Amino acid sequence: METRRAYPFPEIEARWQRHWLENKTFRAADPGESGSERPKFYVLDMFPYPSGAGLHVGHPEGYTATDIVARYKRMRGFNVLHPMGWDAFGLPTERYAIQTGIHPREATRRNIETFRRQIRALGFSYDWDREFSTTDPDYVRWTQWIFLQLYRQGLAYVADAPVWFCPALGTGLANEEVINTPDGPRSERGDHPVERRTLRQWMLRITAYADRLLRDLELVDWPENIKEMQRNWIGRSEGAEVDFRTALGDAVTVFTTRPDTLFGATYMVLAPEHPLVPALTTPDQRGAVEAYVAAAARKTDIERTDLAREKTGVFTGAHAINPVFSDGDPRARIPIWVADYVLATYGTGAIMAVPAHDERDWEFAEKFGLEIVEVVVAPGASPSPGRPAQCFPGEGIAAHSGPITGLPTAEAKERICDWLEQRGAGRRRVNYKLRDWLFSRQLYWGEPFPILWRGGEHVPVGESELPILPPDLDDFKPTPDGRPPLARATDWVQVDPRTTRETNVMPNWAGSCWYYLRYIDPKNERAFVDPAKERYWMGDGGVDLYVGGAEHAVLHLLYARFWHKVLFDIGLVSSPEPFRRLINQGIILGEDGQKMSKSRGNVINPDVVVDEFGADSFRLYEMFMGPLEQSKPWSTQGIKGVHAFLARVWRLFVREDDETGRREPSPSITDAGPCDDDLRLLHRTIRKVTDDLDGMRFNTAISALMVWVNETMKAGAGGRPIPRAVALDFVRLLAPFAPHLAEELWALLGQSPSIALQPWPAAEEKYLKEENVEIVVQINGKVRDRLSVPAGTPPEEIDAAARALPKISAALEGSRLIKAVAVPGRLVNFVIAPK
RNA sequence: GCCCGAGUGGCGGAAUGGCAGACGCGCUCGACUCAAAAUCGAGUGCCCAAAAGGCAUGUGGGUUCGAGUCCCUCCUCGGGCACCA
């Protein structure tokens with residue numbers, strides 16, 4: 001499909017992209033350099049994973065938004081840091097390498113080249129001198145260095161941990177790399193079955209920061225739903241641990257968030273993996289318990305947590321003593337069960353079951369005929385005479401509960417905790433859902449751990465020996481025995497007769513945990529970042545604006561916050577949080593309104609779009625589609641519309657000689673002074689575009705630019721010229737959105753480059769005031785007439801003027817006036833009733 | 001099941017509690033053209049032949065002189081979490 005070019009964008013765009021690159025127009029000034037006396041603004045994109053598929057139309061959406069903000073802030077006098085780089089370690093490249101035989105390093109180099117070319121073709125104002133890849137040896141060095149700081153802080157440790165292992169891929173996978181299917185859990189890549197294996201793993205103690213990661217969400221300006229997702233993920237719950245004595249002499253400790261229901265505990269449940277299960281089980285129950293525990297071990301987590309499943313469990317034969325009852329009270333002795341609805345990995349791996357006030361316990365008790373005792377009544381209700389008819393998990397008033405009977409739930413919790421603590425039978429306790437971070441992968445294409453093994457002990461590599469780079473392998477497939485690929489490099493692994501290297505590598509998240517800091521000082525060989533530069537760019541709360549997809553709401557953003565806090569604690573960074581403000585861009589759907597995918601055949605390729613319509617049209621359209629945060633479908637017709645708009649701007653400003661190709665400013669642009677209408681329109685546009693940019697409402701800002709063009713063309717058709725000063729201000733407003741066209745028009749109007757460094761125009765109040773305003777006149781809320789009055793006319797006068805209108809006076813005459821409301825500058829409403 | 005977010009023309013969307021539908025797409029008509037494309041101009045929520053008028057922001061209620069906007073009910077869609085005691 002051949003579309004005629006509406007204006008010469010290919011030539012213009014290529015030329016200005018070259019100009020910006022050659023002149024380093026967007027170089028950010030570091031402290032001490034000229035320009036750094038301006039206020040700083042750090043605007044960051046989530047850097048891409050350069051896959052073999054090339055850039056997707058989703059990438060440039062966020063990148064365009066940040067680029068518009070970066071360009072706008074520069075024009076507003078800020079020293080802007082706007083960098084780009086590559087998050088290039090990881091499984092996709094490694095799988096590609098295995099399939100094609102191309103070394104991951106080479107595949108990465110090619111992919112980065114493609115991404116860089118595609119991103120540059122969109123004219124983003126990045127400071128390319130700061131570009132790096134997480135795979136660069138120099139960057140790996142500092143990633144490993146930061147790992148060593150965590151290691152020294154006792155935040156990295158080795159443990160045997162259950163992981164998803166994929167026999168086909170030969171590697172362990174992160175939870176997020178595994179998807180649940182009807183055929184059981186499978187690998188996201190390749191769709192192979194995966195299984196649970198316990199492997200020796202590196203873990204990071206993120207749980208030590210759980211509380212601060214939760215609390216400090218209050219310090220950041222993020223979308224509320226993202227904060228909520230992090231809060232849920234961290235999952236803080238306050239409650240108590242309670243010790244129940246058993247016949248063994250050992251107490252079994254349970255965790256509960258409802259210690260006020262302790263008097264209603266009618267049985268206890270241990271997770272199948274609970275260490276006391278074998279010792280507690282009585283001889284006559286041993287067979288059943290062992291069979292149950294073995295069956296549970298074979299199940300995956302997903303099978304075990306499937307809600308549709310009926311609850312299962314077996315009685316151990318043992319009993320526990322509830323500490324809240326006095327000796328000899330028959331209610332004190334409760335049976336101990338084993339059931340897989342209790343998780344070994346949360347709390348103490350054991351619970352007290354209160355079926356009357358917990359849905360899960362209720363279901364279990366009903367199924368196995370266990371006792372149910374009501375100990376909380378809904379406010380205003382009275383206790384059930386016998387067994388309660390249904391579960392009541394809410395808060396209420398304690399009943400049948402000894403010393404706390406009659407107390408509301410909150411108070412009952414406090415009192416019972418005091419009581420438990422005084423007697424040494426329990427204690428207040430906070431638990432988190434957040435688990436420590438499984439930090440090793442059995443891959444080749446990642447950062448090796450800077451760790452040696454000597455006599456079964458791990459020792460850190462000296463900092464001067466960094467970086468530890470992956471050895472050059474020809475075969476980076478996993479080893480047949482399930483050890484990581486690096487284990488093949490025997491020369492590399494065996495450092496000396498008694499020392500070997502760690503062969504796991506770090507997950508892909510490691511590099512993205514601190515890249516925003518390296519942009520500040522990307523070439524520093526003595527430190528991961530210079531402290532003075534760090535203070536300058538991160539000093540007041542970190543990155544000023546961070547834009548990326550909501551799919552990183554929890555993992556990347558939580559991991560990066562964790563590393564940042566560790567660095568903050570050891571005095572290496574100056575803000576407690578890395579990203580002060582966060583925005584998630586929406587997803588761009590295919591033209592059919594479905595998610596873009598190769599299999600649906602609805603993928604839009606940015607290269608093709610840029611070829612046909614140009615980068616400015618592409619940028620403008622992505623922003624014009626709708627609010628940044630919203631998901632919206634791509635429309636080829638839609639991009640034609642904004643393309644036509646840019647062509648209209650071109651024709652409005654430029655006259656081209658068809659024969660010679662010579663271009664000059666349109667003759668309608670004159671040095672005549674602007675008239676009042678010109679100035680009112682211009683300043684209204686400046687005000688609207690400025691306000692919308694401050695609020696990141698790009699779609700309505702663009703619509704204001706369109707309104708200016710429409711009005712100006714209408715005036716031009718009536719013979720009115722465009723004053724040069726007005727034209728120049730319009731081009732400034734256009735510059736952040738369509739920077740190539742704006743530069744070209746700027747130069748054509750005789751200005752010297754670059755418009756990117758020009759000051760932003762200011763809206764002057766005196767041109768924003770309307771002389772006359774239209775007042776809507778309503779009767780019973782319906783518009784019946786209008787009138788025009790001078791701005792600032794007081795309500796009484798508006799009221800009087802409205803009554804004088806023939807239509808209105810006629811209506812008022814025939815009826816009874818109940819009320820009149822006059823809003824200055826807006827409307828009058830007469831409320832009437834029939835006589 | 002629980003927690004968020006969203007429902008507005010044929011479509012994307014716009015509207016400090018004050019004229020619903022800015023801007024754009026599409027469509028209709030006209031100008032230019034041998035013709036088409038491009039461009040320019042006019043129109044375009046629905047009902048009614050038109051005007052007058054009426055009806056319209058997922059549903060049903062409420063607050064208000066006045067509700068797309070605030071409150072409650074329900075429905076639908078999208079996202080997240082999911083036996084975390």
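Lettering of chains follows the sequences in order, A, B, ..., and the numbering in each one begins at 1. The structure presented is a predicted model; accordingly, all values stated were derived computationally and were not measured. Just the heavy atoms: all of them, side chains too, but no hydrogens, waters or symmetry mates, feed the values below.
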How would you label the contact of K782(A) with the nucleic acid (heavy atoms, under 4.0 Å): base, sugar-phosphate, or nothing?
sugar-phosphate
Could you go through Y559(A) and W437(A), starting from their C-alpha distance and side-chain angles, then the distance that decides it, and tell me whether this counts as side chain to side chain contact (heavy atoms under 4.5 Å, CB included)?
CA-CA 9 Å; Y559(A) 295 154; W437(A) 175 12; 3.5 Å; yes
Rounded to whole Å, NZ of K632(A) lies from P of rG24(B) at a distance of 19 Å
For A811(A), give me all partners under side chain to side chain contact (heavy atoms under 4.5 Å, CB included), at least two apart in sequence or on another chain.
I779(A)
Using the side chain to side chain donor-acceptor pair (under 3.5 Å) criterion, which residues pair with T690(A)? Sequence neighbours excluded.
W760(A)
Can a side chain N or O of N232(A) be found less than 4.0 Å away from OP1 or OP2 on rA82(B)?
no
Under the rule for side chain to side chain contact (heavy atoms under 4.5 Å, CB included), what residues qualify as partners of D592(A), not counting sequence neighbours?
Q594(A), R600(A), N602(A)
Using a cut-off of 4.0 Å between protein heavy atoms and nucleotide atoms, how would you tag nucleotides 60-69 of chain B 5' to 3' with B, S and -?
-----B----
Measure from the side chain of M706(A), starting at C-beta and using heavy atoms only, and say which of rC23(B), rG12(B), rG54(B) lies closest.
rC23(B)
Selection residues 618-630 of chain A - residue pairs positive for side-chain hydrogen bond (donor to acceptor under 3.5 Å, both in side chains), sequence neighbours left out:
D67(A)-R619(A)
Grab the CD-C1' distance between E228(A) and rC2(B) for me, whole Å please.
11 Å
Ionic contact status for E61(A) with K632(A), cut-off 4.0 Å
yes
Whole-Å distance between rA22(B) P and D692(A) CG?
16 Å
When the P atoms of rG21(B) and rA15(B) are considered, how many whole Å apart are they?
13 Å
E414(A) meets the salt bridge (Lys or Arg N to Asp or Glu O under 4.0 Å) criterion, sequence neighbours left out, with R428(A)
I'd like to know if R826(A) reaches the base of rC19(B) with its side chain, counting only an N/O donor and acceptor under 3.5 Å.
no
Rounded distance (Å) that lies between atom C1' of rC2(B) and atom CD of E359(A):
11 Å
Could you tell me whether the side chain of K311(A) has a donor or acceptor atom within less than 3.5 Å of a complementary atom in the base of rC83(B)?
yes
For rA20(B) versus rU69(B), give the span between their P atoms, rounded off to a whole number of Å.
14 Å
All stems with RNA chain B, defined as three or more consecutive Watson-Crick or G-U pairs under 3.5 Å:
B:1-7 with B:75-81, B:10-12 with B:23-25, B:26-31 with B:39-44, B:45-47 with B:53-55, B:60-62 with B:70-72
Atom C1', compared across rG60(B) and rG7(B): separation rounded to whole Å
16 Å
Using the C1' atom on both, measure rA36(B) against rG45(B) and round to a whole Å.
32 Å
Could you pull out all residues at least two apart from D221(A) that satisfy salt bridge (Lys or Arg N to Asp or Glu O under 4.0 Å)?
R581(A)
Which residues share a side chain to side chain donor-acceptor pair (under 3.5 Å) with K227(A), sequence neighbours left out
none
Scan residues 587-596 of chain A against RNA chain B and write down, sorted by residue number, each residue with any heavy atom closer than 4.0 Å; if none is found, say none.
none
Contacts of R655(A) that satisfy side chain to side chain contact (heavy atoms under 4.5 Å, CB included) - sequence neighbours left out
E664(A), P667(A)
The side chain to side chain donor-acceptor pair (under 3.5 Å) partners of R427(A) (sequence neighbours excluded) come to E241(A), D243(A)
Spacing of N699(A) atom CG relative to rA14(B) atom P, expressed in whole Å:
5 Å
